Amino acid sequence: MPTNRILARRTANMGASAIREILKVVSRPGMVSLAGGIPAPESFPLAIVREITGTVVEKYGSTAFQYGHTEGFLPLREALVDYLVEKGIDTTSDRILISSGSQGVLDSLGKILINPGDRVALEAPTYLGALQAFAPYEPNYVQIASDDQGMLPDALAAALSHRGVKFIYLVPNFQNPTGRTLSMKRRRAIAGIIQRFDTLLVEDDPYGDLRYRGTPMPPIQTLAPDHVVYLSTLSKIFAPGLRMGFCLAPGEISHWLVLAKQGVDLHTSTFNQALAAEYLAGGHLKRHLPSIVALYRPRQEAMLDAMARFFPSSFTWSVPDGGMFIWVKGPEGMDMEAVNKMAVTRMTAFVPGTFFFARPGDGRETMRLNYTMADEKTLTGAIKTIGDVLEEALMEMHGQAGSVNYRR
Ligand code: PMP
């Protein structure tokens, strides 16, 4: 049957992504991958899961295995109130919605908000999964200029005043892919702008708890609660396989999010929600989180040290206070897709940064490096390999050997 004839128009926008091809290559045996964006398996609290699984069965019995409300399992929503209050978010359990991963919220938001041609403002670069979630609903993306402190408020205000923007999407803490964090001053400025223009902001915060240095900053939601959908997840601080996301949305948006989710999966796994409720309410997250931070911080430090030793001096990179990624920028003209292909022949891989830009062709000279999936020694070796490949690519670019061959 000619499938093309029956596919919906939006399906074409789901496009076979080049990044999927890259991720296929990196799963080859023996490959050292700095390409993924996934937590270290040794960060999963298996002993705690063993313990609280029994508690869940005892405490909730068959309820944990029954259909539930689309909004979410009440004990989890109650546990999340305390979790969010600690971030400065003032809420009640009836306002919190549970989703199948925070990815589920992104899709639902696309479904209830985006008409074909609507403008969605994003950081440049931004989270690829958000681009993928919104794309089938046929938005026009408006890239907002960003620097190492995140989205530029003036650029956002200019975009909002010149063009109608349906909503803004940003990742405030240890952003995927750059690792950067929006400064307090900019949080205040952006909160003021969305109130002034009466525009919705989608604040996606999966990494906020993975802080290795410095002091946490309040979500923009706390500064403009009527204009922000705040979403987060237990994927990075418990286990992504549980698919446990949640959000807090103003007014009517919440109502439509529930209806959109109902049509997709009725509700998120009741048993997993019960496990998550115990993980939070039983104080396990508080006890376990420091061990995740203790696992990742030295990995990040090892990667940064190795980059200072092995990367050519014409490259710059982010030094994030937390999260899972470092963002690298090479000199203009550098083609990181070609560099990645060279690195893969030496069994080392990363993600070329161009995939994280809404505008095709932007960011060709950038790359994203992940440091959560390998130990310090492996990371150091991988960075040396990538450094060698970068030196070679630079020499090729300049057409002369040796001229750029010095280290920081
Ligand atoms: N938002 C961002 C910025 C992410 O990096 C991720 C995971 N890579 C997600 C959302 C989705 O997370 P999950 O669906 O596992 O909650």
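This one's a predicted model, so the numbers in the text were calculated from it and none came from an experiment. In listed order, ligands and their atoms are each counted from 1.
- Using 4.0 Å as the threshold, M324 has no heavy atom nearer than that to any atom of ligand 1.
- Using cut-offs of 30° and 60° for the angle between ring planes, the F356 and W327 rings count as perpendicular.
- Of the protein's non-hydrogen atoms, S102 OG, 3.3 Å is the one closest to atom 12 (O) of ligand 1.
- Considering backbone and side-chain atoms alike, S100 places every N or O at 3.5 Å or more from each N or O of ligand 1.
- In this structure, the separation between OH on Y207 and CD1 on I237 is 12.5 Å, given to the nearest 0.5 Å.
- Contact annotation: K236 has at least one heavy atom less than 4.0 Å from an atom of ligand 1.
- Protein heavy atom in closest approach to atom 5 (O) of ligand 1: Y207 OH, 2.5 Å.
- Less than 6.0 angstrom separates the ring centroid of F134 from the ring centroid of F167.
- Between D209 and K87 there is a salt bridge, with a side-chain nitrogen of the basic residue lying less than 4.0 Å from a carboxylate oxygen of the acidic one.
- Proximity to S235 (heavy-atom distance under 4.0 Å) selects the following atoms of ligand 1: 13 (P), 15 (O), 16 (O).
- In this structure, the protein non-hydrogen atom closest to atom 1 (N) of ligand 1 is D204 OD2, 2.6 Å.
- Ion pairing between R9 and E138 holds under the 4.0 Å rule for side-chain N and carboxylate O.
- The aromatic ring centres of F325 and Y371 sit 6.0 Å or more apart.
- Within ligand 1, the atoms closer than 4.0 Å to a non-hydrogen atom of R243 are 13 (P), 14 (O), 15 (O), numbered from 1 in the order shown.
- Under a 4.0 Å N-O distance rule, the pair E42/R299 qualifies as a salt bridge.
- Shown in contact with T233 at under 4.0 Å from a heavy atom are these atoms of ligand 1, numbered in order with element: 13 (P), 16 (O).
- The closest approach between P206 and ligand 1 falls below 4.0 Å for a heavy atom of the residue.
- Under 4.0 Å is where a charged nitrogen must lie from a carboxylate oxygen, and between E278 and K59 at least one such pair does.
- The V171 neighbourhood of ligand 1 comprises atoms 3 (C), with distances under 4.0 Å to a heavy atom of that residue.
- The protein heavy atom nearest to atom 9 (C) of ligand 1 is Y127 OH, 3.3 Å.
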